[in-house]
Amino acid sequence: MASFTLTDNQSGKSAEFPVLDSVLGSNVIDISKLHKEFGVYTLDNGLSMTGSCESKITYIDGNKGELLYRGYPIEELAEKKNYVEVIHLILTGELPSQEEYTVFERDMRQKRFPHEGIKKIFNAFPDSAHPMAMMSSAVSALSAFHHRHLDVSSDEEYREMSQRVVAKMPTIAAYTFRHSMGYPLIFPDMDRYFSENFLYMLRAFPTGKTEIKDVEIKCMDAIFTLHAEHEQNASTTTVRGVGSTSAHPYAAIVAGINALWGKAHGGANESVISQLEMIGSVENVDKYIAKAKDSNDEFRLMGFGHRVYKNFDPRAKVLKKLRDELRDELGVNSKLIEIANRIEEIALTDEYFVSRNLYPNIDFYSGTIFEALGIKKSMFTPIFVIGRTVGWVAQLIEQRRDPKAKIVRPRQRYIGPGKRHL
Ligand code: ACO
């Protein structure tokens, strides 16, 4: 077995640390005996060099711009499989057979309805509440209505727990929108497929026909697939952190929702559109690019850069194609898309962005797709939540069933006052 030898230059002591092979990507050094051998911890701000778990779900190669769910490239899944098939893949490890799909999809439809008590919670929110605030509270309440999902040893109970939360998320997200608009909280439509039902729930009125085009369903479905899983990002790490204490699974999912809200993470898609609106016209792009490059200016180009991808985000490539397909089919004439295209054109050739490997990320394109679908800005991050819930649940289950998993408890470098007395 390969190993790393560390030597303490002061004491001259050396110790070996095993290097564990990964199936794909970088191997890892097992430093669990580091403190015992040397009396030191590692310091790794943002944990960007630290593997916190072993996982079989997702693989990312940030330098190549590659993303695999259970081994399958994201581009193939987005093009050839629907989101419900991807849910099955992420939760169980395999794509469903035709028979499995029929049962799974039917179960998911039946679980869309929330308890009437969940609906009543919305009455307590002001119309002006941000949808993410309402989502967080409503999903938290799910743990009150389904409090028995604690037995991790029961496959049946955990299957039900996973399907329930993934199936209800579009309903809850649609309710946050409908509440903010003063619309009635309608029932999900059992006859419609997952992504079609979500668009229906955003658009439906008690009177009139709700029109949803195939290209809109296709885009919405791909958006969910592209957001479904992304290994140990900030929100997933938060879910695993809460999950490691054996809290209720939905309490862990809510923690993920709250972590996703921030503009450095899932909130970036909303910030991208706000920024494009602020830029206002193609003529102003140069001025804002200059601001983004100025180290004395806090302005950052939203939708650019990624902690892991140092190449084009593979999800962004798929979305760019879909956005253009949607724009052409719906005949959308969007000033924001023109501004976005100009920014992309400059950033992909400008030395500042090129030398720092700052490429457009998924959020750069998703916002303009939502805009073309007529979806309100504050709903962008809730849509990300709908897609990502399956990833959080799969990671949580993996953690709960990992015999090596421990309560998440990192260490620190203490830099406060030395010991003192009153
Ligand atoms: N605009 C301008 N400059 C940037 C940007 C940006 N969007 N992102 C990074 N930089 C610069 C930094 O100023 C820094 O420059 P320096 O080396 O001269 O100091 C360099 O690039 C490296 O930046 P870091 O912050 O160290 O990169 P990190 O990997 O830690 O950050 C992050 C990644 C947070 C995503 C960052 O790129 C960012 O803030 N982007 C905008 C927000 C965004 O789009 N977030 C969505 C992320 S994807 C997701 O959550 C789904």
Side-chain angles (χ1 to χ4, degrees), residues 44-50 58 60 62-63 65 67 69 74 78 132 222-239 256-276 278-279 285-320 339-340 342-370 377 380-392 395:
D44 180 15
N45 284 330
L47 303 179
S48 55
M49 293 295 143
T50 300
T58 294
I60 302 174
N63 292 326
L67 169 61
Y69 293 166
I74 188 71
M132 285 296 282
I223 292 248
F224 291 144
T225 292
L226 296 169
H227 286 88
E229 216 325 87
H230 217 229
E231 52 118 306
Q232 310 312 319
N233 55 80
S235 55
T236 303
T237 299
T238 307
V239 169
I257 292 177
N258 292 325
L260 195 79
W261 193 351
K263 73 177 161 73
H265 194 9
N269 51 19
E270 193 180 330
S271 307
V272 168
I273 292 296
S274 300
Q275 195 168 85
L276 294 175
M278 183 185 73
I279 294 172
V285 168
D286 286 352
K287 188 173 88 193
Y288 284 96
I289 293 273
K291 273 169 79 61
K293 288 161 57 173
D294 181 354
S295 58
N296 297 317
D297 193 323
E298 283 188 354
F299 181 85
R300 277 194 168 197
L301 217 45
M302 298 312 293
F304 269 79
H306 196 279
R307 174 56 67 78
V308 177
Y309 293 118
K310 301 303 171 196
N311 200 325
F312 225 101
D313 179 339
R315 304 166 299 174
K317 273 190 190 163
V318 178
L319 275 193
K320 187 181 179 192
I339 299 170
R342 180 67 189 136
I343 292 175
E344 185 190 325
E345 205 175 84
I346 298 178
L348 289 181
T349 49
D350 188 293
E351 198 275 333
Y352 174 93
F353 295 93
V354 173
S355 64
R356 289 170 179 74
N357 297 314
L358 299 171
Y359 290 86
N361 59 47
I362 188 169
D363 299 308
F364 189 68
Y365 299 106
S366 58
T368 43
I369 290 194
F370 297 143
K377 218 169 22 180
F380 295 180
T381 315
I383 290 173
F384 194 154
V385 171
I386 299 174
R388 181 56 55 84
T389 301
V390 62
W392 291 330
Q395 295 272 351

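Read the numbers this way: they start at 1 and go in the same order the structure lists the ligands and their atoms. Numbering starts at 1 and runs along the sequence shown.
With E270 as reference, K377 is the one residue of M132, K263, K377 to meet the side chain to side chain contact (heavy atoms under 4.5 Å, CB included) rule.
The salt bridge (Lys or Arg N to Asp or Glu O under 4.0 Å) test applied to E231 returns no partner, not counting sequence neighbours. Partners of T238 under the side chain to side chain donor-acceptor pair (under 3.5 Å) rule, at least two apart in sequence or in another chain, do not exist in this structure. For K291, the salt bridge (Lys or Arg N to Asp or Glu O under 4.0 Å) criterion is met by D297, not counting sequence neighbours.
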For this session: Please report the C-alpha distance between F364 and F304 in whole Å, then the side-chain angles of each, then the deciding distance to 0.1 Å, and finally whether the ring pair (Phe, Tyr, Trp, His ring centres under 6.0 Å) criterion is met.
Result: CA-CA 7 Å; F364 189 68; F304 269 79; 5.0 Å; yes

For this session: List the steps and the verdict of ring pair (Phe, Tyr, Trp, His ring centres under 6.0 Å) for Y288 and F299.
Result: CA-CA 8 Å; Y288 284 96; F299 181 85; 5.4 Å; yes

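Using a heavy-atom distance under 4.0 Å as the criterion, the protein contacts of ligand 1 are A264, H265, A268, A292, R300, L301, M302, G303, F304, G305, H306, R307, K310, Y352, R356, L358, N361, I362, D363, F384.
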